[in-house]
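What follows is a short report on a single structure.
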There are 2 protein chains.
Amino acid sequence: MPAAARTKERKTSVDVVFETLYSAINNLEMLPGDKISEAEIAAQFGVSRQPVRDAFSRLANLGLLLIQPQKATEVKRFSRREIAKSRFVRMSVESEVTRRAAQNATAATKAALDANLAQQTLAVEAGSYEKFGKLDYAFHNILCKTAKVDFAFELISAEKANVDRLCMLSLSKEDRMPELLDDHKKIAERVSAGDAEGAVAIGRIHLARLDATIDAIFKDKPDYFEP
Amino acid sequence: MPAAARTKERKTSVDVVFETLYSAINNLEMLPGDKISEAEIAAQFGVSRQPVRDAFSRLANLGLLLIQPQKATEVKRFSRREIAKSRFVRMSVESEVTRRAAQNATAATKAALDANLAQQTLAVEAGSYEKFGKLDYAFHNILCKTAKVDFAFELISAEKANVDRLCMLSLSKEDRMPELLDDHKKIAERVSAGDAEGAVAIGRIHLARLDATIDAIFKDKPDYFEP
DNA sequence: AAGTCGTGACATACTAGTATCTCTGTGTGG
DNA sequence: CCACACAGAGATACTAGTATGTCACGACTT
């Protein structure tokens, strides 16, 4: 979940609408380009239009909705430029994290990475992309902690979330798990060995694979992208 | 300006309120911790409370306002953690941009950088921090274009904006211009020479100076920071 | 005298209804 | 047959008023 800058002690109608739509969009229950109307959603939730409007506004700020004033509101299509930006941030931040992690790596780091990789192997054998994805997050969290920049994990999570909706469209994500796991193993090995530049180099290859996946999705479903 | 995900062809009341408050907050006409009320702002702009509410919501999403439901709304204080995140992103992205710029540098790059530096020198002699700041932006834009990642400039701009409000509090920003200019000259020289790692190393020193400034502000005005 | 409870002022959350803008489709004039 | 104008449908933008939650202050109780 993204961090909205508000206290969350109480749960308002806006929150309910927002959270429901947020996950519906990210789970592709609502597809890019789908038109939605304030009145329709309001009726569905049994509230007036205003809270729906507020929720729409928040979703638009997160880049999930496109509000066309006095015309219509639709689920935002993917923007190749936004994706490129997101990918560049992630590459930059992960390179920096990996570099620092390699410089600070200890025996404990190696142990934590190896334990995570063992679980990743199990997930691949079980063919569970969901499990694998969670362990992938944890893998990066270990690197962030080793690099002593825990907050960087929030950044990586946010950027990952930006493309997660896109990746849900991928046809063959299960097939790619073995090579991703292999990358992780190599990165862990270099980091544990304190070889910063080597680890970064593999990290770049690792992220480039995702670029290929994204290109494949673009060719498969051009309608889901902005012109 | 941050990119709100909405078409901007028409200018609504919400836009007017939003933009006015946005610059008031960034120019420190409204200070961190200041309480503001929907009704008050609505009266001031001669509109009803709803557009003000929408504008508040957008500002809260950008991290400039803290909405405490059914209690109060105030200008958000600075968060040391958020600042650290912002700084880390900028350091990571700029390192990557600088590295690629050095690899792609041509004679035209050198010419563009030198021209920019000549103007920066004039700005420093004139003691104009505002002019210097604008040229600083342009300097980074040249690097992004050389690195062939123009979109990275949007990222850097966004991160810079995140701390610009904070830097407005700095007491001695004019005094620091000469050393910042000196950094820029060294970075330009290394980039033009194609020395990627050398340029990145100076870039790190350059950004670290800003960290020192931020620490000084924190000691000077602790009330403007979150606990 | 100290603690607790109630009340009132004031903040945001929400509802309902009106105004205004944009697109679309149709009919008419050239 | 094509182009333009106009009207209607439907969407969001805005207004005004009501509901509800929070805090502070003062009176009452112990």
Side-chain angles (χ1 to χ4, degrees), chain A residues 4-22 25 30-77 226-227, chain B residues 4-22 24-25 30-77 227:
Chain A
R6 59 180 66 219
T7 55
K8 284 280 196 177
E9 291 140 16
R10 236 188 106 226
K11 196 158 213 163
T12 66
S13 313
V14 181
D15 293 326
V16 174
V17 175
F18 173 82
E19 284 163 20
T20 308
L21 291 179
Y22 181 87
I25 292 172
M30 303 174 78
L31 292 170
D34 279 1
K35 296 238 179 330
I36 58 179
S37 123
E38 289 180 359
E40 180 192 330
I41 303 292
Q44 201 170 308
F45 282 87
V47 299
S48 83
R49 292 211 323 278
Q50 202 57 50
V52 176
R53 188 175 158 71
D54 286 355
F56 277 19
S57 175
R58 279 166 66 179
L59 289 163
N61 281 329
L62 290 175
L64 293 175
L65 285 186
L66 176 68
I67 298 175
Q68 298 167 289
Q70 275 165 342
K71 200 168 114 187
T73 297
E74 63 178 46
V75 179
K76 204 178 177 198
R77 292 181 157 84
E226 284 179 2
Chain B
R6 60 180 65 220
T7 56
K8 284 278 197 177
E9 292 139 17
R10 234 187 108 226
K11 196 156 214 163
T12 66
S13 313
V14 181
D15 293 326
V16 174
V17 175
F18 172 82
E19 284 164 22
T20 307
L21 292 179
Y22 182 88
I25 292 173
M30 304 174 79
L31 292 170
D34 278 2
K35 296 235 180 331
I36 58 179
S37 124
E38 288 181 0
E40 179 191 331
I41 303 292
Q44 202 170 307
F45 281 86
V47 297
S48 83
R49 292 209 325 278
Q50 202 57 50
V52 175
R53 188 176 158 71
D54 286 355
F56 277 20
S57 175
R58 279 166 65 179
L59 289 163
N61 282 330
L62 290 176
L64 293 175
L65 285 186
L66 177 68
I67 297 175
Q68 298 168 288
Q70 276 166 342
K71 200 167 116 187
T73 298
E74 63 179 45
V75 179
K76 204 179 176 196
R77 292 182 159 85

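Each chain gets a letter, A, B and so on, in the order its sequence line appears, and its residues count up from 1. Heavy-atom basis, side chains included; hydrogens, waters and symmetry copies ignored.
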Worksheet item: What parts of residues 33-42 of chain A reach DNA chain C, counting only heavy atoms under 4.0 Å away?
Response: none

Discussion item. Using the side chain to side chain contact (heavy atoms under 4.5 Å, CB included) definition, which of the options A:K71, A:M30, A:E40, A:E74 pairs with A:K35?
Written reply: A:E74

Worksheet item: Do A:T73 and A:E38 have side chains that get closer than 4.5 Å, going by heavy atoms?
Response: no

Discussion item. Could you check whether any side-chain heavy atom of A:L59 comes within less than 4.5 Å of a side-chain heavy atom of A:K76, counting everything from C-beta outward?
Written reply: no

Worksheet item: Among D:dT12, C:dC14, C:dT12, which is the nearest nucleotide to the side chain of B:Q70?
Response: C:dT12

Worksheet entry | Value rounded to 0.5 Å, distance of CZ in B:F45 from CG in B:L21 | 5.0 Å

Worksheet item: Do A:D54 and B:D54 come within less than 4.5 Å of each other through their side chains, counting heavy atoms only?
Response: yes

Worksheet item: Starting at CG of A:L65 and ending at C1' of D:dT12, how long is that distance when rounded to a whole Å?
Response: 14 Å

Worksheet item: Any donor and acceptor pair, going by atom type alone, linking the side chain of B:T20 with main-chain N or O of B:V16 inside 3.5 Å?
Response: yes

Worksheet item: Any side-chain heavy atom of B:R53 sitting closer than 4.5 Å to one from B:V17?
Response: no

Worksheet entry | Between CG on residue A:L65 and CD1 on residue A:I36, distance to nearest 0.5 Å | 4.5 Å

Item to complete: Nearest whole angstrom, please: distance from the C1' of C:dT12 to the CG of A:D15.
Response: 13 Å

Discussion item. Counting C-beta onward and ignoring hydrogens, is there a side-chain heavy-atom pair between B:L31 and B:V75 closer than 4.5 Å?
Written reply: no

Worksheet item: Roughly, in whole Å, what's the span from CG in B:L66 to P in C:dA11?
Response: 16 Å

Discussion item. D:dT12, OP1 or OP2 - any side-chain N/O from B:T12 closer than 4.0 Å?
Written reply: no

Fill in: B:K71 side-chain N/O to D:dC23 phosphate OP1/OP2 under 4.0 Å
yes

Discussion item. Strictly below 4.0 Å: does A:T73 bring a side-chain N or O up to OP1 or OP2 of D:dT12?
Written reply: yes

Worksheet item: How many Å lie between CD on A:E74 and P on C:dC23, as a whole number?
Response: 13 Å

Discussion item. Counting only heavy atoms and a strict 4.0 angstrom limit, can you tell me which residues of residues 43-54 of chain B come near DNA chain D?
Written reply: B:V47, B:S48, B:R49, B:Q50, B:P51

